[in-house]
Every structure is written in structure tokens, then in C-alpha cells.
Amino acid sequence: MYLNNRIKFLYTFSVLFVIFSIIIGLFAGTVTITVPDILKIVTQHITGIHLYQGPKSTDMIIWEIRFSRVVLAFFVGASLSLAGAAFQGLLRNPLADPYTIGVSSGASLGAVLVIYFQLNLLWLKGFTLPIFAIAGGGITLTLVFGITRLASSTLANETIILAGIILSSFTGALVSLLMALTPREDVRQILYWLMGSVSMRGWDHVQLILPFFIIGAIILLLHAKELNGLALGDQSAQFIGISVKKKKRLILIAASVLTGGAVAVSGAVGFVGLVIPHLVRLVSGANHKHVLPLTLLIGGGYLVLADLAARTIISPRELPIGVVTALIGAPIFTMLLVKERMRRRRI
């Protein structure tokens, strides 16, 4: 009974946290807009009922700039957090996150190639960079599977992690090489993208990440039971009837789809997929039936607030959102590791 009440409380808290973060994200900005006007504008666009009678510029600020940015930040945070929870459970490694198997590095390489060669394919319009980023992440995942299969026919967790580290290092070196060869005026653009941001994005980018988020999230949420089994070890999972190799591949693909979609629209945002699943497990337990949806909600709300901090701390200038998440996430993760080590020593 106590466990059920605690889980209910956590779900309620998570939903309220998301609502709070969205409201704060909409209300805060350099232009002061009243609460009734914001509510009218959002309601008008969602329902189609004409409610707002004010200036068109105010409508555009709320709907086209603030609300689209808040929604995009939520999807990016939810994607990275959910992928991190899946990687940690699947690989049984508390340090696993969306960057562990190199998908993020591959996506970053795809984006840097676009910036370096000034690619702008007409048929992709303004989505040349995110499409190349997604393709880079997909190619990297394929290479991880190829290396793992050559080294271990059973898709051993250690081999997957090592293959990811190898490819991350290699693609990171290629990114550094391209940056060294890039003209000075373009290096700043590459660095800013690599540090992560959701500024200057709109509803088109929300539409771009949405199918990747839906596909990846549905697959992972439907495989919570399998993740619980795989977290016990491959032999235990196989004993209870889980097709280990097949399910591992499917979960890895789903988590990588989430990562690739997020990195494609926001750049590399670190520590979200590493810290949020840890925090959720501390309060909810290890059952992925609850860890996955709670991580999705809290991770999305957290990145909305992190983006709010990024655009208001040194207003009117903006910080890259990856800087904010690193400044917050690194100390928190350090405390979690120290606390866990002290707990084990007491045992």
C-alpha cells in the first residue's frame, strides 16, 4: 500500500512539475506579457477559437517563439532522459547514457560536416543539418552493431560499450580535425552547436523530432518488462523467456532513435540522460514500468527549466543549454556517486 501511494505521488508530482515548467517557460521573457493574454493565445491556437484581440506581434512571440521553444525543450529532455534510462538498464551500467554507444558523437559529426562543407540541399530546405545529424547517428549505431557482432555473437554488454567508446573517440577526433580546418568565423557556429541549444528553433523542428520521439518512446515503454529482465543479466533474462539478442537490438535501436532525434534538433546536451534516470531510481525504485514514464516526464520538465535559465541568466544574451545542464548535472552526479559509494561501504 505504501509503495502504491508513493508511486501515485511521484506520478502526480511529475505531471505537476511538467505543467509548472511549461508555465514558467511561457511567462518568463524579455517582453512582459500578461497571464490572461498568454492563456488566450495558447488556447486560441490549440482550439481554433478566436479569443485574443491584441497585437499580432505578441501572438507571434508567445506561439511561434516561446511555446514552440518550450515544447521542443520538453521533447529533447524527455528523449535524452528516456534513452539514458534504457541504456543504464540494458547495459547494467550506471554511467551509461545516450553518448555511451557513440550515437550522439555520430550525430555531431554529421552536423559538423554540414557546417564545414556549407551544405544546403534544396530538397531538404532548412533541415539539411538535422537530417545529416540523424543519418550520422544511424550510421554510428550500425557500425556499433557490426563491431559487436564481429567480436561477440551474443551482443555482450561489455562489447557494446567498448565499441561505442571506440567510435565515440574516432568521431570525436574527426570533429576536432574538421574544426581545426574550419575558417575561424565558422568555428564559433560549430562550438555553439556542439554545446547544445534550442534557440532559433520553431514548430518545424518540433515536427522533426516528434516522429522519432513517438517511435522510440513507444518501443521502450512497451519493453519495460524486458528491461527489468535484462537488468538481471543475460542468462536470467533468457531463463524467463526473453529473446535476449533480439530485445537488446530493438531497445538499442529505440534509444538511439530518441538520441539521434534529440541531438539533431538541439545539438549535444550532456548530463540529462545520465543524471535524471539516477534521480528517478532513487525515489521510485528499479522497476522500469515506473522508471521510464517518470524519467520521461521529469527529464522533459527539467530541460525546459534549464533552457529558461540559459536564456535569462545573462539576458539579453543566451548561454548554450549544454553549459547549464553540465553545471547543474556534474555536481549532482558526483554527489550521487559519493553517496552510493558510502552506502556500499556501510553494507
Side-chain angles (χ1 to χ4, degrees), residues 1-29 32-47 51 62-63 65-86 198 206 209-210 213-214 216-218 220-221 224 258 262 266 269 271-313 321 324-325 327-329 331-333 335-336:
M1 180 65 70
Y2 169 73
L3 181 62
N4 289 336
N5 290 336
R6 186 177 66 177
I7 293 299
K8 288 178 182 178
F9 169 78
L10 289 174
Y11 277 109
T12 303
F13 171 81
S14 300
V15 172
L16 292 176
F17 176 67
V18 171
I19 295 172
F20 170 78
S21 65
I22 291 175
I23 291 173
I24 295 297
L26 279 176
F27 290 165
T32 303
I33 302 173
T34 64
V35 173
D37 283 346
I38 292 175
L39 294 176
K40 287 178 183 178
I41 291 169
V42 173
T43 304
Q44 175 176 295
H45 282 277
I46 293 177
T47 63
L51 299 172
I62 294 300
W63 184 255
I65 299 176
R66 289 190 193 174
F67 195 52
S68 62
R69 180 169 179 163
V70 165
V71 172
L72 183 63
F74 174 83
F75 281 131
V76 170
S79 297
L80 294 175
S81 300
L82 189 58
V198 291
V206 174
I209 191 178
L210 191 58
F213 173 77
I214 292 174
I218 288 176
L220 291 183
L221 291 173
L258 287 170
S266 68
V269 180
F271 284 96
V272 179
L274 190 63
V275 175
I276 300 300
H278 269 283
L279 293 175
V280 170
R281 283 191 179 92
L282 284 177
V283 294
S284 71
N287 189 347
H288 286 87
K289 178 183 177 182
H290 303 303
V291 169
L292 294 179
L294 289 172
T295 298
L296 185 156
L297 293 171
I298 294 177
Y302 165 72
L303 202 66
V304 172
L305 295 180
D307 178 57
L308 175 63
R311 60 187 167 96
T312 56
I313 288 177
I321 193 172
V324 176
T325 57
L327 289 174
I328 297 173
I332 292 176
F333 190 65
M335 287 189 295
L336 290 174

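Quick note: residue numbers are just sequence positions, from 1. Only a predicted model underlies this, so the values are computations on that prediction, with no experimental measurement involved.
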Roughly how far, to the nearest 0.5 Å, is the [atom2] atom of [Y] from the [atom1] atom of [X]?
X    : Y    : atom1 : atom2 : value
I209 : F74  : CD1   : CZ    : 10.5 Å
I38  : R66  : CD1   : CZ    : 6.0 Å
I276 : I332 : CD1   : CD1   : 7.5 Å
L308 : I313 : CG    : CD1   : 9.0 Å
F67  : L72  : CZ    : CG    : 12.0 Å
F75  : L80  : CZ    : CG    : 13.5 Å

Over all heavy atoms of both residues, which pair between [X] and [Y] is shortest? Give the atoms and the distance, please.
X    : Y    : result
Y302 : V272 : CE2-CG2, 4.1 Å
P277 : G84  : CG-C, 3.9 Å
L303 : A73  : CD2-O, 3.4 Å
L292 : L82  : O-CD1, 3.5 Å
P293 : Y11  : CG-OH, 3.3 Å
T295 : S81  : CG2-O, 3.2 Å

**Report entry** Donor-acceptor contact present, side-chain S21 to main-chain V18, <3.5 Å
**Finding:**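 Yes; judged by distance alone, with no hydrogens or angles, the pair exists.
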
Next on the checklist: Donor-acceptor check, side chain of R69 to backbone of G25, threshold 3.5 angstrom: yes or no?
Outcome noted: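 No, the answer is negative, given that no donor and acceptor are paired below the 3.5 Å cut-off.
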
Taking the side chain as every heavy atom from C-beta outward, state whether [X] and [Y] have any pair of such atoms under 4.5 Å apart.
X    : Y    : result
R281 : H290 : no
L296 : F213 : yes
W63  : I46  : yes
F17  : L305 : yes

message = Checking side chain to side chain contact (heavy atoms under 4.5 Å, CB included) between L10 and each of L294, V15, L297, I298, which is the one that passes?
response =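 Running side chain to side chain contact (heavy atoms under 4.5 Å, CB included) over L294, V15, L297, I298 with L10 returns exactly one hit, L294.
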
So, applying side chain to side chain contact (heavy atoms under 4.5 Å, CB included) with L39, which one of I41, V35, D37 is it?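 Among I41, V35, D37, the one that satisfies the side chain to side chain contact (heavy atoms under 4.5 Å, CB included) with L39 is V35.
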
